[in-house]
Participant: 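Handing you this structure, nothing more for now.
Bear in mind that the values here come from a model prediction, so they are computed numbers and not experimental data. Order of the sequence lines sets the chain letters (A, B, ...), proteins ahead of strands, with each chain counted from 1.
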Amino acid sequence: MPKTIVCRCEDVTEEDLKRAFERGFRDLESLRRFTGFGTGFCQGKSCLCHAARFLAAVKGGDDMVSDPPRTRPPLRPTPFAAFAGALPEADAGAEEKP
Amino acid sequence: MRDRADLVIVGGGVIGLSLAYHLARLGFSDVVVLEQGYLCFGASGRNGGGVRQQWSTEENVLLMKDAVRRYRRLSQECGYNIWFRQGGYLFLARDDASAATLEQNTKLQNRLGVPTRLISPAEARRIVPVLNLEGVRVCAYNPTDGVLFPFPVVWGMARIASDLGVEINTFTRVTNIDVRGRQIVKVVTDRGAIATRRVVNAAGAWSPQVARLAGVELPNKPYRHEILVSEPVKPFLDPLVSDLSNGTYFSQTMRGEICGGLSDPAEPSSMESGSSLRFLSRMSRSLMRLVPQLGSLKVLRQWAGYYDETPDGQPILGRVDAVDGFIQLNGFGGHGFMMAPAIGQLAAEWILRKAEHPIFSTCDLGRFARGEQRRETFSIG
Amino acid sequence: MATARRLDPLPNTPFQYGPKVDFTFEGKPFSGFAGEPLALSLLAGGVRVFGRSIKYHRPRAPMCLHAHCSSCLMRVNGRPNVRTCDTPCVAGLSVERQTGWPGAGFDLLRAIDVVYPEELRHHELFTSSSALSRMATPYVRRMSGAGELPSGPPPLAFPVERQSVRVVVIGAGPAGLSAARRLSQSGEKAVLFEADALAGGRLLDGATRIEGDGDSTGWQRWKAWSDPATLPGIELLCRMPVVAIYPGRPPTVVAVGEDRARIVQPQRVILCTGSYDQLPLFGNNDLPGVMTPRALDRMVLGHGVLPAEPVALVGDSDETLRLSARLLERGVALAGVVTRRRDGPLVGALQDKKVPLVFDREVARARGGRWIHELELSPQRQREPDRLLDCALCVAEAPAAPAFELGHHAGCRVFFGSQGGYRIAIDDTGRTSRDDIFAAGHCAGAADVTTAIRAGERAAATCLESLAHTP
Ligand SMILES: Cc1cc2nc3c(=O)[nH]c(=O)nc-3n(C[C@H](O)[C@H](O)[C@H](O)COP(=O)(O)OP(=O)(O)OC[C@H]3O[C@@H](n4cnc5c(N)ncnc54)[C@H](O)[C@@H]3O)c2cc1C
Ligand code: FES
């Protein structure tokens, strides 16, 4: 059987989702943490929908799928240097200047 | 779900599960664990996985020596690899006061058999060549501290506990604790009630809420603590590095990500768990000061969890005066994960009356009323 | 396997070639056209494998070409994990692949994929003995991680511009452009942030058609709409992705460009963030040479780079069928079109051109070593035999996943639907669960460009109305 890749960043297969579900990781967040989908460079952009669809199918309906794991910034990988100057001087604490 | 149990543990974090795991291994498994979310929903699924023995009190150094021993064998015991990597902890002191603290702590730790060394910035750079140590006076380095991957610790303990007969119910929220006189009679959840006479409050940042269900007031307060990871790169950083001047800490995970956070004295107590630009910005500055080329490394994700803080920075352990059978295991601030295997073992032995340990009388809730607080001075993050 | 080629440039595409420029790829001289995506310079020059996946070391090559799948990462000018599809080709770049041993092209670590045909239980590796685990840790550590630490002079903090503006529109695709036009017509000032190098989104696809109000192609509409002169009052910022919205009141919108950042706290936000193209799930769907229809559309119709042919197309939508026809017009050899659409003018046109059409099969798996060479098609009914379709490139369509994330950052309600995935919840007028944030187009579940355009205009109208009621 060739691998069917659900998450390209972390090499998570459709089979991985099934086995994780069988082992009791049955909600999206646990499934994500156990298999690692959505934790790589793209943070879920090409896998979250597949995983949620998988859950909807095994649980029997779209409404069985909970809210997505909390989406956290940044939306795409972004250099630390982009944020270093994001606070006004006074807020940042002078001692932390790079 | 069972409708009665000898002992009910509220909280499926590392503390609750470590207790369940150690109880079960001692042959006691008439235990139900109740978790409102998934396993790892609380701080145990949001932390940095740092494990250190560099502490300022004898009690904590010894506790952590024991915890490290246990973490070294946990992967084998529970069948999930926790990837505990002892790459050391490197503390950086920039001022006289922190330098003095490091010196004093090192003496204590050495006396208790922890091989911490005070080293010069030049020597620290040999350990982490990319560090910019301008302005750093002195460093403390213990090569036997380390970092681990938190989720498998929780999953592994849960797996063994449930194999041994403990019932673990996720997505089950405790909504009431029924107390008659001084005696607990049952725990009520949104999925039914469980008759029991003993309840352990291991609800982390939620423990004051859970205690209130039994009519007990805890002094703990929740504080948001933020953390982030970068894109993964090949290993370049062995120890966890911590800058005492602003509480920055960062390490490199097994996957290669930089994972770290810093303290924020301006953070108010709250149950806010959103992310802030303030943290991302302060952390970026601090990292770029310590390792300038990290400026062009990319952040993948920031997130937040709670520190469950007590007034003296020590956990609350053991009995409470007002309610029999109501046991506290909470208030672990920013270091509950590292302490969990040691605490779980001690608490299991204490609950089963197999062994006493002074920690359950010195760290009980009553200490605040007795005026016996003892501050651990070496909390970071 | 046919080699990559460049087609004669078309005069009327939104993407125009700059002069030929030289750079180095793994130390060797290479060239491309200034401003085109670096990934295309590499594909045109014959690069096939861009990198290796993290766990099984499977080969990776561009899949989405729209900066979200992370299959095109390389080290560029000393920075690790750079998306080459989102990096313009300029003279003097130094480009290297970063994964694999001894290299990404030929990688012995691919053995992991063979040794673990079913699954590699990374949580359970080396748990038989603590000593073994400790011994293995440094090796496992060296194997993970992608790329080395950045080299070169450390950067300074990006300059940050703070701006006060009433409205921010995020995403300059069909929905975002139409929202911005509506705002502009009403004399409102707004900033329009776009991640891509050009405004347009799906209007930039050669296969897009807009129905109703004077049918047009995407490119025609793009020509009419993307000229800043037609958008007075709107500041359009391309290559400036919004990377976060912090959910206070007002929300804090953070956009980050190549070397600068901008922070805005607007009174209103209109989210028009579009969607992410997906691949269907079939065996070896990650094989290099398998990509989304929009990736190939942009490569071939937009930039004139054809990595390989013949091309197999899999899908039922008008866009995929139109893409097939437009590829034919450009002289691209088609291996076949696998579709469930049996009739209609689009299918008829392909039949007239003698394109092999496969109606009753679905893709079981892609085959190939480091690049696709055939598709295995299985019958929808039992008893019929499998079929193989020789091809050197395959595009396969799946429902796109709405880009709901920024709405979720801001605390807007989102919900799940199997067609696509999570999307931002809106009412008929484009309102989200937050009264100062609106959403339109694919991020809120719109199915096509025509609907997205209408939704953008409507959301902008609702936004204007709500501004009129605030002092
Ligand atoms: C960002 C961050 C970084 C950290 N870094 C480190 C570190 O490097 N090293 C370290 O040792 N520690 C660290 N910590 C601290 C450590 O994570 C905690 O001390 C530890 O996880 C506490 O475990 P716990 O089991 O007490 O709490 P939790 O893991 O929070 O578990 C409590 C559980 O109780 C559940 N619960 C609450 N109320 C109810 C109810 N009514 N019904 C049912 N269930 C309920 C919650 O859902 C939760 O899962 C960090 C913490 C944070 C937030
Ligand atoms: S991110 Fe570049 S091809 Fe998908």
Participant: With chain B, which of C:Ser128, C:Ala136, C:Gly248, C:Gly78 has the greatest number of heavy-atom pairs at distances under 4.5 Å?
Facilitator: C:Ser128

Participant: Side chains of B:Tyr80 and C:Leu125, heavy atoms from C-beta outward: is any pair under 4.5 Å?
Facilitator: no

Participant: Does any non-hydrogen side-chain atom of C:Thr137 lie less than 4.5 Å from one of B:Phe84?
Facilitator: no

Participant: At a 4.5 Å cut-off on heavy atoms, which part of B:Arg72 comes close to chain C: side chain, backbone, both, or neither?
Facilitator: both

Participant: Measure C:Val254 against the heavy atoms of chain B and call it side chain, backbone, both or neither at under 4.5 Å.
Facilitator: side chain

Participant: Which atoms of B:Leu74 come close to chain C, meaning under 4.5 Å heavy atom to heavy atom: side chain ones, backbone ones, both, or neither?
Facilitator: neither

Participant: Specify which of C:Pro138, C:Ala244, C:Gly145 makes the most heavy-atom pairs with chain B at under 4.5 Å.
Facilitator: C:Gly145

Participant: Taking C-beta and beyond as the side chain, do C:His122 and B:Asn81 meet within less than 4.5 Å on heavy atoms?
Facilitator: no

Participant: For chain B, which of C:Glu124, C:Arg134, C:Arg141 has the most heavy-atom pairs under 4.5 Å?
Facilitator: C:Arg141

Participant: Heavy-atom pairs under 4.5 Å with chain B - which of C:Ser129, C:Ala131, C:Gly152 has more of them than the others?
Facilitator: C:Ser129

Participant: Sort C:Phe126 into side chain, backbone, both or neither according to what part of it lies under 4.5 angstrom from a heavy atom of chain B.
Facilitator: both

Participant: For B:Ile258, is it the side chain, the backbone, both or neither that has a heavy atom under 4.5 Å from a heavy atom of chain C?
Facilitator: neither

Participant: Output the option from C:Asn81, C:Thr127, C:Ile54 having the highest count of non-hydrogen pairs under 4.5 Å with chain B.
Facilitator: C:Thr127

Participant: Between B:Pro152 and chain C, which part of the residue has a heavy atom less than 4.5 Å away: side chain, backbone, both or neither?
Facilitator: side chain

Participant: With no hydrogens and no angle check, is any side-chain donor or acceptor of B:Lys234 less than 3.5 Å from a backbone partner on C:Leu149?
Facilitator: no

Participant: Would you call the rings of C:His123 and B:Phe149 parallel, tilted or perpendicular, taking 30° and 60° as the class edges?
Facilitator: parallel

Participant: Of the non-hydrogen atoms in B:Lys298 and C:Pro80, which two are nearest, and what is the gap between them?
Facilitator: NZ-O, 2.8 Å

Participant: Quick one: does B:Gln76's side chain have a donor or acceptor within less than 3.5 Å of a partner on C:Ser130's backbone?
Facilitator: yes

Participant: Which atoms of B:Ser230 come close to chain C, meaning under 4.5 Å heavy atom to heavy atom: side chain ones, backbone ones, both, or neither?
Facilitator: neither

